[in-house]
Amino acid sequence: MEIKSFETEHFFAQYEFNTPYQLCNSDCETVSTAELLDMADMSLDQLGGMRLGYTESMGNPHLREMIAAGYPKNVGVDDVFVLGTPVEGIYLAARAALNPGDEVVVLTPAYDALINMFEHVVGEDNVKKWAFVAGDGRWELHLDDLRALITPKTKMVVVNFPHNPTGYLPTPEQQAALVEIIEAHNLWLFYDEMYYGLVHSDTPEIPSACELSDRAIVLSGLSKTYGLPGLRTGWMVVRDPELRANIFNWKFYTSICPPAPSEFLAIAALRAREQLRLKNIEIIEKNLDLADQFFARHAELFTWRRPHAGSTALVGMNVPSTAAYSAKLAEDAGVLIQSAEMLGSDDRHIRMGFGRVAFGEALAKFEEYLLDQYK
Ligand SMILES: Cc1ncc(COP(=O)(O)O)c(C=O)c1O
């Protein structure tokens with residue numbers, strides 16, 4: 001069976017470890033193992049003494065309790081299971097909940113897998129795109145556009161909030177309306193919450209979708225908000241017992257059980273979750289201030305729609321092809337920006353990421369390059 005090329009991951013495989021100035025990472029600043037254990041008041045000796053046998057396939061019970069405690073309403077520990085990697089959850093949900101010929105509505109642009117994996121399972125023509133609208137100074141989402149895409153064959157709506165790449169977070173009213181729509185049509189709501197909790201000052205927080213509906217299939221993990229993508233720790237919250245059992249069966253074909261050292265360190269991460277989250281929000285807000293100033297100085301080249309949540313933004317760029325531009329920029333100046341074409345946007349937009357401490361230095365290099373070109 002065909003599957004489209006995973007462009008974002010090919011792009012990072014090519015550039016992430018050899019391009020010194022990075023402006024498009026979606027994860028936040030990481031910490032060392034020793035720093036993490038210190039924050040969590042745990043010791044390296046405990047890690048050293050850990051035995052490396054198979055682990056419980058639903059995940060370590062203590063870790064699952066800690067995850068469930070993050071969803072104060074309507075979620076129990078039995079609804080939570082730990083994945084081998086966060087991205088695995090997209091595959092498992094698509095396989096377990098859908099059949100060829102079902103229709104799926106996907107919010108776009110999106111992290112590639114949120115489009116490609118569903119197209120792979122139900123067929124490209126059966127995936128309908130619910131697109132963000134470019135408003136004045138901000139991205140907009142219209143629920144009537146979603147309503148218009150639902151047909152009697154629709155089985156699932158796929159969303160991701162806080163959103164990569166626009167940095168959009170629905171209002172509490174929009175979130176409630178979204179849940180009402182999927183419940184009225186008895187649809188599954190695949191809700192990617194990989195950036196959960198990354199909410200900027202002055203933006204109202206919203207509850208997790210799994211607290212609002214048992215039709216929600218929530219994907220979350222430690223990669224983005226907590227800056228720990230190297231742990232590869234993700235989890236799902238699935239309240240529907242039949243669907244959960246079906247997903248769980250698929251998981252035996254992909255990862256069986258989570259890696260033991262990652263589970264140990266994931267417990268440490270959840271003990272320090274507020275500290276990690278607040279540290280990363282602070283980094284993002286500082287970098288967004290730098291971005292505001294940068295875009296004000298280069299208003300002829302960029303269209304800046306400031307994000308309200310998450311770690312990324314979708315930025316318009318006035319060049320013929322952002323894909324060609326970014327390849328040349330990486331080669332000439334060692335600065336990495338990502339064309340948003342690979343996220344289902346177009347070749348006139350880029351994704352930028354604000355979660356890393358080195359963002360300011362990379363932005364200064366980019367500006368040096370831009371000014372050199374105008375000389
Ligand atoms: C929206 C979204 N979902 C899922 C993932 C996958 O997370 P991970 O790379 O930790 O598996 C990403 C990674 O960029 C993402 O942006």
Side-chain angles (χ1 to χ4, degrees), residues 6-17 22-30 67 81-94 106-118 120 130 132 139 141 156-170 189-199 208-210 216-237 251 254-255 258-259 262-263 265-266 269 276 280 284 307 309-314 336 338-340 342-345 350-356:
F6 203 143
E7 291 297 314
T8 293
E9 297 305 342
H10 282 292
F11 173 80
F12 280 104
Q14 183 177 353
Y15 291 112
E16 186 167 7
F17 297 98
Q22 309 219 351
L23 288 169
C24 52
N25 311 91
S26 61
D27 56 351
C28 291
E29 190 68 26
T30 198
I67 294 169
F81 55 93
V82 182
L83 299 165
T85 71
V87 71
E88 178 189 30
I90 301 172
Y91 179 81
L92 298 178
V106 178
L107 179 66
T108 59
Y111 179 59
D112 318 25
L114 294 174
I115 305 172
N116 299 354
M117 188 51 67
F118 294 95
H120 170 70
W130 177 28
F132 275 95
W139 291 99
L141 200 55
M156 182 186 274
V157 174
V158 176
V159 297
N160 152 231
F161 301 117
H163 183 250
N164 166 20
T166 60
Y168 188 92
L169 189 74
L189 177 63
F190 183 82
Y191 202 124
D192 181 323
E193 294 184 355
M194 286 301 292
Y195 299 81
Y196 190 69
L198 279 183
V199 177
S208 167
C210 61
I217 305 165
V218 162
L219 171 67
S220 195
L222 299 177
S223 303
K224 312 294 182 181
T225 308
Y226 308 99
L228 301 169
L231 289 186
R232 311 306 299 123
T233 296
W235 60 82
M236 293 181 90
V237 186
K251 196 170 91 79
T254 51
S255 63
S262 289
E263 286 201 304
L265 293 169
L276 291 164
N280 288 330
I284 290 168
S311 58
T312 59
L314 182 62
L336 200 61
Q338 182 188 4
S339 169
M342 61 186 88
L343 300 164
S345 173
I350 57 170
R351 180 180 78 174
M352 290 185 77
F354 307 94
R356 301 265 186 104

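Order of appearance sets the numbers: ligands from 1, and atoms from 1 within every ligand.
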**Prompt:** Between the main-chain N or O of Leu231 and the side-chain N or O of Ser262, is there a donor-acceptor pair closer than 3.5 Å?
**Reply:**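 Such a contact is found between Ser262 side chain and Leu231 backbone.
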**Asked** So, the side chain of Asp27 versus the backbone of Glu29: is there a donor-acceptor pair under 3.5 Å, distance only?
**Response**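 A pair under 3.5 Å: no.
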**Message:** So that I can tick it off, tell me whether Glu7 and Arg351 are bridged by a salt bridge, with the cut-off set at under 4.0 angstrom between side-chain N and carboxylate O.
**Reply:**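 Here Arg351 does not pair with Glu7 in a salt bridge, since their nearest N and O are not under 4.0 Å apart.
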**Asked** At what distance, to the nearest 0.5 angstrom, does CE of Met352 lie from CG of Leu23?
**Response**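 Output value for this atom pair is 4.5 Å.
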**side-chain contact (heavy atoms from CB on, under 4.5 Å) evaluation trace for Trp130 with Val158** = CA-CA 9 Å; Trp130 177 28; Val158 176; over 6 Å; no
**Asked** Would a line drawn from the ring center of Tyr196 to the ring center of Tyr226 be shorter than 6.0 Å?
**Response**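 No, the ring centres sit 6.0 Å or more apart.
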Enumerate the pairs of nitrogen or oxygen atoms, one from ligand 1 and one from the protein, separated by less than 3.5 angstrom; state names and distance to 0.1 Å.
from	atom 1	to	atom 2	distance (Å)
ligand 1	3 (N)	Asp192	OD2	2.5
ligand 1	10 (O)	Ser223	OG	2.5
ligand 1	10 (O)	Arg232	NH1	3.0
ligand 1	11 (O)	Val87	N	3.0
ligand 1	11 (O)	Arg232	NH2	2.8
ligand 1	14 (O)	Lys224	NZ	2.6
ligand 1	16 (O)	Asn164	ND2	2.8
ligand 1	16 (O)	Tyr195	OH	2.7

